[in-house]
Structures are given as structure tokens and as C-alpha cells.
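Below is one structure, written out as C-alpha cells, with a few remarks after it.
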Amino acid sequence: MTMASFISSLDQAAPPEGISPYLKALWWDGKGNWQKAHDIIEHMGDDTAAWVHAYLHRKEGDRGNARYWYSRAGRNMPESTLDMEWSEIVEVLSRI
């Protein structure tokens with residue numbers, strides 16, 4: 001899935017079939033439903049989920065919790081905008 005097709009899918013009522021739970025969480029976040037995104041990702045324990053989880057808590061404004069999740073993901077909290085980070089994560093996960 002390309003970034004353009006992912007973004008255009010945000011006009012739909014449901015996420016595209018067959019995308020990973022990570023992308024599904026980012027899709028819901030892209031639709032403005034932070035809680036649904038968090039509900040999807042919060043029980044996943046791998047590094048990729050931790051990265052998405054970190055981003056979500058950074059967006060929420062809970063920087064302490066975000067730092068914890070970035071650490072779990074083996075990443076530093078970025079200094080980029082939230083939109084830039086969202087795009088970066090979508091791009092990386094779309095290639096997996």
C-alpha cells in the first residue's frame with residue numbers, strides 16, 4: 001500500500017482489508033479516533049507496537065508515557081511534528 005492510497009482510504013468508513021494492526025491503529029488515528037487507535041495497539045508487546053504506542057501518547061500530550069514507549073521501541077522521542085512522525089511510521093510499516 002502506498003502512502004497516497006493509505007491517506008485516500010481515510011475517506012472510507014473502515015480501514016482497508018488486510019492491513020496490519022499497526023497500520024489499522026494509525027488509520028484510526030488518522031481518522032481522528034485516538035481512543036480506537038490506542039485500543040488496538042495497547043495490548044501488543046513488540047517493538048513496532050511500542051513505536052506506534054509511543055507516538056499515540058506523544059500525540060495525547062503524555063510525554064512521560066511516550067518516553068517510556070519510545071524506550072521500549074528502542075527509539076528516541078522525535079523532534080519532528082506529529083504529522084511528520086505519523087507519515088514516517090505509515091511509510092515504514094507500509095513496506096513491511
Side-chain angles (χ1 to χ4, degrees):
M1 171 170 279
T2 66
M3 176 63 87
S5 63
F6 187 82
I7 289 172
S8 68
S9 76
L10 294 172
D11 290 335
Q12 305 301 313
E17 291 293 321
I19 64 172
S20 70
Y22 317 111
L23 285 172
K24 197 174 287 189
L26 291 165
W27 188 89
W28 283 110
D29 179 66
K31 294 279 284 184
N33 193 333
W34 183 95
Q35 189 61 55
K36 188 153 186 124
H38 189 261
D39 290 347
I40 291 168
I41 214 70
E42 73 177 327
H43 298 293
M44 299 175 69
D46 59 81
D47 292 350
T48 302
W51 186 19
V52 175
H53 204 163
Y55 157 79
L56 289 170
H57 282 293
R58 179 175 172 234
K59 183 172 186 177
E60 177 191 32
D62 187 348
R63 295 181 65 78
N65 203 358
R67 270 191 292 282
Y68 167 78
W69 287 105
Y70 282 114
S71 175
R72 290 271 312 264
R75 296 177 172 271
N76 293 319
M77 188 179 313
E79 302 211 9
S80 62
T81 67
L82 289 165
D83 288 342
M84 290 172 67
E85 185 181 12
W86 183 89
S87 294
E88 176 190 0
I89 300 170
V90 169
E91 291 238 5
V92 169
L93 298 182
S94 293
R95 290 184 248 142
I96 298 175

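No hydrogens, no waters, no symmetry mates; every other heavy atom, side chains included, goes into these values.
Residues passing the side-chain hydrogen bond (donor to acceptor under 3.5 Å, both in side chains) test with Ser87, sequence neighbours excluded: none. Qualifying side-chain hydrogen bond (donor to acceptor under 3.5 Å, both in side chains) partners for Trp86, counting only residues two or more places apart in sequence or in other chains: none. The side-chain hydrogen bond (donor to acceptor under 3.5 Å, both in side chains) check on Thr81 picks up nothing, with sequence neighbours excluded. Among residues two or more places apart in sequence or in another chain, the side-chain hydrogen bond (donor to acceptor under 3.5 Å, both in side chains) test is passed with Asp39 by Gln35.
For the residue pair Ser8 / Ser5, no side-chain donor-acceptor distance below 3.5 Å is found, with atom types taken as modelled.
Atom CG of Leu56 is separated from atom CG of Leu26 by 7.0 Å, given to the nearest 0.5 angstrom. Between the OG atom of Ser9 and the CD1 atom of Ile19 there is a distance of 6.5 Å, given to the nearest 0.5 Å.
When the side chains of ILVMFWY residues are joined at heavy-atom separations under 4.5 Å, either directly or via intervening members, Trp34 and Tyr68 end up in two distinct hydrophobic clusters. Val90 is not connected to Met84 by any chain of hydrophobic side-chain contacts under 4.5 Å among Ile, Leu, Val, Met, Phe, Trp and Tyr, and they are in different clusters. A continuous path of ILVMFWY side-chain contacts below 4.5 Å connects Met44 to Val52, so both sit in one hydrophobic cluster.
Heavy-atom minimum distance, Glu91 versus Arg95: O-NE, 3.3 Å.
A salt bridge (Lys or Arg N to Asp or Glu O under 4.0 Å) check over residues 4-25, counting only residues at least two apart or in different chains, returns nothing. Sorted by first and then second residue, the pairs that involve residues 56-76 and meet salt bridge (Lys or Arg N to Asp or Glu O under 4.0 Å), not counting sequence neighbours, are Asp29-Lys59, Arg58-Glu85.
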Start with the C-alpha gap between Leu23 and Ser94, add the side-chain angles, then the distance that decides, and say whether side chain to side chain contact (heavy atoms under 4.5 Å, CB included) holds. CA-CA 8 Å; Leu23 285 172; Ser94 293; 4.2 Å; yes
Between Tyr22 and Ile40, does the side chain to side chain contact (heavy atoms under 4.5 Å, CB included) criterion hold? Intermediate values first, please. CA-CA 8 Å; Tyr22 317 111; Ile40 291 168; over 6 Å; no
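Of the possible donor and acceptor atoms, none in the side chain of Lys36 sits under 3.5 Å from a partner among the backbone N and O of Trp28. Under the 3.5 Å distance criterion, the side-chain polar atoms of Trp69 are left unmatched by any main-chain donor or acceptor of Tyr55. Side chain of Lys31 to backbone of Pro15: no donor-acceptor contact under 3.5 angstrom is found.
The number of heavy atoms from other shown groups lying within 6.0 Å of CG (Asp46) is above 12.
Contact check for Tyr70 versus His53: no side-chain heavy atoms found under the 4.5 Å cut-off.
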